Protein chains: 2
Amino acid sequence: MAESAPSTPLLSGVTIIDLSRVLAGPFCTMTLANLGARVIKVEIPGTGDDSRAFGPFANGKSLYFSAINCNKESIALNLKNADDRAIFETLLEKADVLVENYRPGTMEKLGYGWDVLHPRFPHLIYGAASGFGDSGPISQRAAYDMVVQGLGGIMSVTGYPGQPPARVGISIGDIAAGIYLANGITAALYRRAISGEANKIDIAMLDCQIAIMEDAVTAYDKTGEVPGPKGTRHPSIAPFQSFAAQDGNLVIAAGNDHLYRLMTEALERPDLATDARFVSNDLRHLNVDALQAAMETTLRTRSVAAWLDALNAKGVPCAPINDIPHMMQEPQVAARNMIVTVQDPVAGAIKVAGNPIKVVGAAEPASFAPPPELDADRAAILAEFVGAGR
Amino acid sequence: MAESAPSTPLLSGVTIIDLSRVLAGPFCTMTLANLGARVIKVEIPGTGDDSRAFGPFANGKSLYFSAINCNKESIALNLKNADDRAIFETLLEKADVLVENYRPGTMEKLGYGWDVLHPRFPHLIYGAASGFGDSGPISQRAAYDMVVQGLGGIMSVTGYPGQPPARVGISIGDIAAGIYLANGITAALYRRAISGEANKIDIAMLDCQIAIMEDAVTAYDKTGEVPGPKGTRHPSIAPFQSFAAQDGNLVIAAGNDHLYRLMTEALERPDLATDARFVSNDLRHLNVDALQAAMETTLRTRSVAAWLDALNAKGVPCAPINDIPHMMQEPQVAARNMIVTVQDPVAGAIKVAGNPIKVVGAAEPASFAPPPELDADRAAILAEFVGAGR
């Protein structure tokens, strides 16, 4: 990020035809567009991507859609209409990747299953995301984010003991699938560049939930202990959680004995450093209720901001529990270009999340292309792909 | 997944030298190893990857380490020792990618910053993950998962209204960074295959938290409404949450009017289909407390299993809220090979999560190579990279 020599975007020259709607697929193609790929959304005429109807709106434009669809083009095609199918197939001839997130079987019904497409377009990589993937007993079942959050186990470890389960506050079911699909597609692009082979990547939202469960499967299998929700506490490290201060909560993550001692200095509580209940991580973890009570006696006397200053001065990892506006005001977030302002012709100036995959030495784009109106790029796409004669 | 013709793994032939420890970096290289890359962990002599000391253990082997480090080799090298540095540099000569997750500046102090490595090993791709990335005012600060969960906003939308914030029950700060780093590295491998350029990818855990916040930034910026925790409820769709049944909770995700009507049939509550408070999604969302109460009156009369059968029979998206053992028993999880049994020479048979990036037509591996003992592959690596004479 230091220098900003011009550099070719990593996926420059890659063209993606994107049939996907709502979140998992569009999140994937947003990630690929941020890496420099050209993404052409092929949308249903009239309504387009379902998320165009999701509130809230600005001047009638969906902010939900806008958050996920910058840097993309749009053409409306009816894949049950012969003329539109011919256009679609012309796009596929010149494209590198097809992305869709229909239920398994839908593309086959349209005559565009992998068995048809691969022989006809042998260069074309195909990326699919669905709830359960293209195999297994419930492959055909509809899934939403909440369904895979429930099935995959993440809700069972989120929230507080003895209370109802909590949902992860973002659609982690779709988003994890979207990032994994992007990763599978870039790996397939690498393989094709090396050997010429094109593959289909089959991503299941449920599979991705299991993949992100850290050590849960391995630890449960050997110990028989079923992990449950722990509020904000770490399963084995203390103090490593949120605490109540005078005006709110803050995170303190004193991950080892050295950091714990520094923390007792920041809190001006030398007694906590020598208290026999707290002299090792194992003991702190065992006596975490007492530790939290003892720390909060002091923490409640001053503000979150005052404690963050004191802890940071000692080098103790800590954080406010930011809401969205406070997160957006963090100087580090601005310095990393993680909030990008986009000039949208309909909604006006909007803000979206930036690209988290930074290439050292490459200039970050000053802005993104706005989320397209439905069918906005039809004429240009037809002229380029189908030819002036059409 | 239908046929299983032999197929070249996507990252076959790619060699990764992995200096990373604990989670973000090792999760990245696990993802790349699952795609077929060869991963050589370069560990600190004596102790190795810090996570080798994380409990729980089986026969003294860390299950945490084991969950994240299958399919990797290990060599112990002291990068402050001249002989070991010579070996390390020989590895870099023949490798494609270097991965590390030190704090920014650490590699420079070792004499292995990008400015040194890139001219000397111009083919080498460099992937780094840190808390805050290599730029910005707090770049040098230490971060743990909890710190970026606090700063990035995800905790502010997870949990229940009016209650203390909840942590996402997995280390989503590290894991999101690991997947994004894997994606950046595969994109860089593609770029190098096309043009010969090698790049450094700079991933910040905090950046990744912002990238996964869905529409939060865009919606807040335009509406001024600060999103907060909603328990298990969807921000705008109802019914789309967990509900209490006789013996536990279940998820019902009736995302549109059609599914809602089918749900009232599954519950045998035709009154809910015609109740004026519930005839559209907007009204159901507005009256969600009343809707939940009315539904739970019925749901509490039967078991979760009975309701899942009734709802699935009608095609209404629904799910149990699985704990880890119940997740592991789902037939779909087995069918997708998402729990892999690994024969570890020390820990015995262990289970780890499978690879969620499925290549259609490629056979899934029957098992994974076990997580390596520290320095286990020293002799073979030296013989191969340094030569028999050493």
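Only a predicted model underlies this, so the values are computations on that prediction, with no experimental measurement involved.
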So which of [options] has the largest heavy-atom pair count under 4.5 angstrom toward chain A?
options                   : value
F54(B), Y190(B), F57(B)   : Y190(B)
G133(B), S236(B), A128(B) : G133(B)
Q149(B), E330(B), M328(B) : M328(B)

Exercise. Who wins among P137(A), A193(A), G184(A) for the most heavy-atom pairs under 4.5 Å with chain B?
Worked result: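 Sorted descending by pairs with chain B, the first entry is P137(A).
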
Exercise. Looking at A253(A), G55(A), A334(A), which one has more heavy-atom pairs under 4.5 Å with chain B than the rest?
Worked result: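 Top option by heavy-atom pairs under 4.5 Å: A253(A).
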
Between [X] and [Y], what is the shortest heavy-atom contact and its length?
X       : Y       : answer
E197(A) : T8(B)   : OE2-OG1, 3.7 Å
I175(A) : I212(B) : CD1-O, 3.3 Å
M213(B) : I324(A) : CE-CD1, 3.7 Å
I321(A) : S156(B) : CG2-N, 4.5 Å
I357(A) : I203(B) : CA-CD1, 3.8 Å

Exercise. Under 3.5 Å, is there a donor-acceptor pair linking the side chains of S135(A) and R336(B)?
Worked result: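 On atom types as modelled, these side chains qualify, holding a pair under 3.5 Å.
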
Exercise. Any side-chain donor paired with an acceptor under 3.5 Å for T186(A) and N183(B)?
Worked result: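 Judged by distance alone, the side chains do pair up.
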
Could you look at [X] and say if it's the side chain, the backbone, both or neither that has a heavy atom under 4.5 Å from chain A?
X       : value
A58(B)  : side chain
I194(B) : side chain
P165(B) : both
T31(B)  : side chain
K230(B) : neither

Problem set entry | ring pair (Phe, Tyr, Trp, His ring centres under 6.0 Å) contacts in which one or both residues fall within residues 201-234 of chain B, not counting sequence neighbours |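 Output for this query lists H234(B)-F240(B).
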
Exercise. In terms of heavy-atom proximity below 4.5 Å to chain B, should I172(A) be classed as side chain, backbone, both, or neither?
Worked result: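 I172(A) touches chain B through side-chain heavy atoms alone.
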
Problem set entry | Main-chain N/O of A349(A) paired to K222(B) side chain as donor or acceptor, under 3.5 Å |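 Flag set: sc K222(B) to bb A349(A) pair under 3.5 Å.
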
